[in-house]
Amino acid sequence: MEMTYKDAIKMAMVEEMRRDEDVFLMGEDVGLYGGAFGVSVGMFEEFGEDRVRDTPISEAVIAGAACGAAVTGMRPIAEIMFMDFTTIAMDSIVNQAAKMRYMFGGKAKVPMVLRTPGGSGTGAAAQHSQSLEAWFCHVPGLKVVVPATPKDAKGLLKAAIRDDNPVMFIEQKTLYKTKGEVPEEDDFIIPLGKGEIKREGKDITVVSYGRMLPRVLEAAKKAAEKGIDVEVVDPRTLVPLDKEMIVESVKKTGKLLLVNEAVKTGGYIGEIAAMVAESEAFDYLDSPIVRLAGLDVPVPYNPELEAAIVPSEEKILDTLIKMVRKER
Amino acid sequence: MEMTYKDAIKMAMVEEMRRDEDVFLMGEDVGLYGGAFGVSVGMFEEFGEDRVRDTPISEAVIAGAACGAAVTGMRPIAEIMFMDFTTIAMDSIVNQAAKMRYMFGGKAKVPMVLRTPGGSGTGAAAQHSQSLEAWFCHVPGLKVVVPATPKDAKGLLKAAIRDDNPVMFIEQKTLYKTKGEVPEEDDFIIPLGKGEIKREGKDITVVSYGRMLPRVLEAAKKAAEKGIDVEVVDPRTLVPLDKEMIVESVKKTGKLLLVNEAVKTGGYIGEIAAMVAESEAFDYLDSPIVRLAGLDVPVPYNPELEAAIVPSEEKILDTLIKMVRKER
Amino acid sequence: MFNSKKELYQEMYRRMNQARFFEEKVSYFFARGMVHGTTHLSVGQEASSVGACMALRPDDIITSTHRGHSQVIGKGIDINKMMAELLGKYTGYCKGKGGSMHIADVEVGNLGANGVVGGGHGIATGAALTQKMKNTGKVVLCFFGDGASNEGSFHEALNLASVWNLPIIFYCENNLYGMSVPQDKAMNIKDIADRAKSYGIKGYIIDGNDAVGVHEKMSEIIDGVRSGNGPVLVESKTYRYLGHSKSDAQVYRTKEEVNSWKERDPLKIFKNKMVDMNIMTIDELEKIERETKQEIEDAVDFANNSENPPIESVTDDVYA
Amino acid sequence: MFNSKKELYQEMYRRMNQARFFEEKVSYFFARGMVHGTTHLSVGQEASSVGACMALRPDDIITSTHRGHSQVIGKGIDINKMMAELLGKYTGYCKGKGGSMHIADVEVGNLGANGVVGGGHGIATGAALTQKMKNTGKVVLCFFGDGASNEGSFHEALNLASVWNLPIIFYCENNLYGMSVPQDKAMNIKDIADRAKSYGIKGYIIDGNDAVGVHEKMSEIIDGVRSGNGPVLVESKTYRYLGHSKSDAQVYRTKEEVNSWKERDPLKIFKNKMVDMNIMTIDELEKIERETKQEIEDAVDFANNSENPPIESVTDDVYA
Ligand SMILES: Cc1ncc(C[n+]2csc(CCOP(=O)(O)OP(=O)(O)O)c2C)c(N)n1
Ligand SMILES: Cc1ncc(C[n+]2csc(CCOP(=O)(O)OP(=O)(O)O)c2C)c(N)n1
Ligand SMILES: [Mg+2]
Ligand SMILES: [Mg+2]
């Protein structure tokens, strides 16, 4: 069935809430209003205010209460309205939820999902547009998911809800309205930690995820017209990472381009580059590993500036061509 | 003059506070008590409670007020007692202090230093032992410093205090009592962004910083006994990073080992590896770039477990030998 | 600053009208997709914001919010640069990098709107600390909403400001909703001013739709703060007429409720008062209305005729 | 749970003594460098913690703090596993991974001590939400200190718990200091219980050194919470005798102040009360003292004879 990324997310939540009464949704304006981006529209009507809970504007306790509810037997889905505001909830996420199991010697489990939208492109400027997934990937105990298609969004969110660990489920604002085929089956699950080769190719590997993925696929299509055969790997889950899929692809193509929206310095594609550079794929690399990422600046308001800070399709295409033709 | 890392930090603060009355210190128990690690002992007596300010236990407003004081003309030094508690102050640091200048089109400056100690090794377990520098390096607008010696601590902290940007000054708990020669001059400054070759060598480059640096230097010394000539680069400032120094060193040695204490996945040495893998140094690399880092686990309490999660001197030595002898 | 009450009230009316017309214009632009991003309009809250700001001295300091147009206009701002910023132009206050949620003018004591609810609490507290340490005699007015008073930053800031006895007014514009959530679903108390007790400071409730009253009461309160009595919490009861932001179907409230508040429109109330008190005539008031309306049109021209920021400027000003 | 007042009070005295002797032992170990890390002892606060916990049902839930030994012992704990955890052993509650600051026993409703001041507020609130949603009839007792009440998490949690009418008791053990900072330098109010007003909930002040009083008042309060009246804030006034943590010269307070509190020692008060009320004889009480002392010695033996965690276990239990 064709549907939007947004509706696929809702479908996953609705199915899981029907299936398991321990699952519930909480967050700012998720109820009657249906969420700042309309993701949960209609859920309040179906499940009522007990299971679709509007909270005060209090991010720290949203995440903290989700943790406390999870460790005592619920399976909360907590929404933080913008990823930028996870800054207010970091203690709850990082020091509490992520570490509880380990600190307690394995005697606790914290099955919670924290949904939050990341990314620029909506004209909301520096405090509403960040891509901070790299932070969470640096925290043992958390799993981190960034779906790029409606299908992945549904399958991965269902897996996240059923997972017994805290999962950061990072949605992409600018993908909410994009459409795609989504399986309707209730038991359609995409296991966390499995990447997907979104396009097969032999000349170069591109690893990308989230908002940048459609651009990469477009660029790959155009590259094909120029006789360049691009393989596109979408890890989908950043932690745990499907290292094998990436390493195997690089061994096959000998070239690696990494693309993400987050600012370059310290971004997660740096981790992937480092992982490859220390793997057996190193010896197969015939040229430097290239990263295309956000400029190292806060997100500006002006639409042209805002567009200029993230890799464009042209830039990706250009880089692909240069890398394959070995121009530097 | 020989002194401890801790006293070198104090010396920097005292000198700057004598020089510039806009500089002041605030934080939990920094006053009469002298700070949780005793860094500011005696400063309260010299400067009084107006300039050495005890705060309530309120990390968000400590960083937020530092930002507000800085933008209105003071030069605050704010202490967050453990780096783990910067989680509570992330909005103030990341969304406010780091972005204010850019968001306002360059019409503000935020000259503040946020001092906080990182690292394990003190038996304080998962919530008092993290090394989270990678997070801050991923935030444009912040500078990030991690000194490894008393001398660097003094020179860099003075530079940080005089800098017109928010600087994360990350101290190393387990280095507080280590000693070293420290210049007494009032105008001894180490510019932010300049690395230092802590040991020259030609066989392999090791980039390391903070707590791991002394171990790396010890291992390098032992390696020398085995005829392996190790070059040790300490970037000292992680942002801005002295890329040139690292790239040049790798071009010279053809091998790169990276060592830090932070958990491996998403750590800042991944960024350095990626930077080298996309630089001109790539073509000089004759083997994979190796990272030795903390295990991907929260910090455990038991002392043997705690010691086991970070790279040991033996492990570093071993890796050096293997890399140079090309065993994999 | 003003030679007479009349001058003061003329300026007050001018600023309230600037705010109203500015936002009506912005609303029009957004509805037509002529502006990028989103905005939060304060139509209905002009008396609360302008009345409070005008009780400050010109060199006092404010921190503003996402719903900050009336606040920064109340403080006194160059409307051209503000409109230019909304349109993302290089001549704007933030050179097109900030937009509606980040209007700032640090030099004249406007420390900026904030995209983070509660994000200004700590900044304002630190700004007040500077005033105290440097003994400047200035005070800080920290704007925030009813919803923001549920953020942890509210608690930490008020507590610290109280312990340090800082010259700051925490000014809560209670418009009854935090986005879609009504006050009574976000807190279990009627008056946010009651939260002052947690910090051992004074709490005040004022009618935020009566600019004259706001100004008088705030003048008194600010005097106390300036003279070293420490921080206060003021709750200004008011209402926003329009949706929370660009796209809001307002399912969470009734038309009747909105209309009942429109009957207490701050501009109308003010106008009537001026006439009743024989301070200004209808003609004088209407002249101000016409002038400010024209000012806004001029600002639109200014903005439209301004350049976009050069693409290279995108990497400027990350660091000082 | 108890067949008589006497049984109850016997158990109460036993737990208070367990706590006291446990901590004296831990203090001894630390002073000799026999334990790694740091610890925060609650000597002097036993009545406050044990009295409150024993007003709970055994299946009720607590969140504890960095100064949590008396709290978790009050809730009822296997002292062997606790001592083993302090010594970092594999038989400890957390398999040696948590130590003093993370003692937890989730299955019996102890959601753990917390190294983060204020870190338990949100967790406790969420745990209370579970009880409400699953209609279990259980309540949550959330421990924290005076200092913690200045964290933003305090504010957010009390507000949310109030709005959602959750079965939770926010229990502030006010020992007058947050580390070195006395209450009056950390807040501008005398009674933390007054902060309840910000959330429209009830605030209570109790004498935390009188176990019998604590227990009685808390039983009443807990009944109300259990019956659906919503959260409350209780301030238990007490004092810690020892330094904040391992290394603390205590320059911030006088010996006289410490001694004046020692005169109101919770164990002494309790003992006298038992005798005065003819509930237990001195002999009976002293027998409990001897027994618990022995228990602690046995726990030390248990811990000493326990294995360290295998090094491989370091990567266990990061994920479920
Ligand atoms: C920390 C944070 N959480 C959530 C939001 C999204 N948001 C923007 S405005 C708003 C409502 C704020 O309510 P209130 O403080 O009453 O101010 P008002 O909008 O009514 O003026 C919300 C939830 C935000 N910007 N920042
Ligand atoms: C978020 C955070 N900030 C600071 C600390 C360091 N610290 C540990 S205990 C403590 C004092 C806590 O005071 P209070 O809440 O009154 O509890 P008490 O120690 O008196 O029992 C401090 C500052 C911490 N552990 N967590
Ligand atoms: Mg509001
Ligand atoms: Mg205390």
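All chains are named by letter (A, B, ...) in the order of the sequence lines, taking the proteins before the strands, and each is independently numbered beginning at 1.
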**Q** With only heavy atoms counted, which part of C:N114 is less than 4.5 Å from chain B, the side chain, the backbone, both or neither?
**A** side chain
**Q** Where does B:D163 contact chain C at under 4.5 Å (heavy atoms): side chain, backbone, both or neither?
**A** neither
**Q** Quick one: NE2 on C:H102 to CE on B:M100, what's the gap to the nearest 0.5 Å?
**A** 10.5 Å
**Q** When you compare the side chain of B:V61 with that of C:S153, does any pair of heavy atoms fall below 4.5 Å?
**A** no
**Q** Does B:A65 offer a backbone N or O that forms a donor-acceptor pair with the side chain of C:T125 under 3.5 Å?
**A** no
**Q** Need one label for B:D164: side chain, backbone, both or neither, based on atoms under 4.5 Å from any heavy atom in chain C.
**A** both
**Q** Answer with side chain, backbone, both or neither: which region of C:D316 has an atom nearer than 4.5 Å to a non-hydrogen atom of chain B?
**A** backbone
**Q** I'd like to know if the side chain of C:Y319 reaches the main chain of B:R101, judged simply by a donor and an acceptor atom lying under 3.5 Å from each other, with no hydrogens or angles considered.
**A** no
**Q** Looking at CE of B:M26 and CH2 of C:W164, how far apart are the two atoms once the value is rounded to the nearest 0.5 Å?
**A** 4.0 Å
**Q** Could you walk me through whether B:K107 and C:D317 pass the salt bridge (charged side-chain N to carboxylate O under 4.0 Å, His left out) test, one step at a time?
**A** CA-CA 9 Å; B:K107 291 179 192 152; C:D317 295 323; over 6 Å; no
**Q** Does B:F104 reach the side chain of C:I103, with side-chain heavy atoms less than 4.5 Å apart?
**A** no
**Q** Please look at C:L129 and chain B and tell me whether the side chain, the backbone, both or neither of the residue comes under 4.5 angstrom of a heavy atom of that chain.
**A** side chain
**Q** Quick check on C:A124 against chain B: is it the side chain, the backbone, both or neither that has a heavy atom closer than 4.5 Å?
**A** neither
**Q** Using atom types as modelled and distance alone, determine if a side-chain donor or acceptor of B:Y102 lies under 3.5 Å from a backbone N or O of C:V314.
**A** yes
**Q** Side chain from CB out, backbone as N, CA, C, O: work out which of these in C:Q131 comes under 4.5 Å of a heavy atom of chain B, or both, or neither.
**A** side chain
**Q** Please tell me if the side chains of C:M133 and B:D50 come closer than 4.5 Å, counting only heavy atoms from C-beta onward.
**A** yes
**Q** With a 4.5 angstrom heavy-atom cut-off, could you sort out which part of B:E21 is near chain C: side chain, backbone, both or neither?
**A** neither
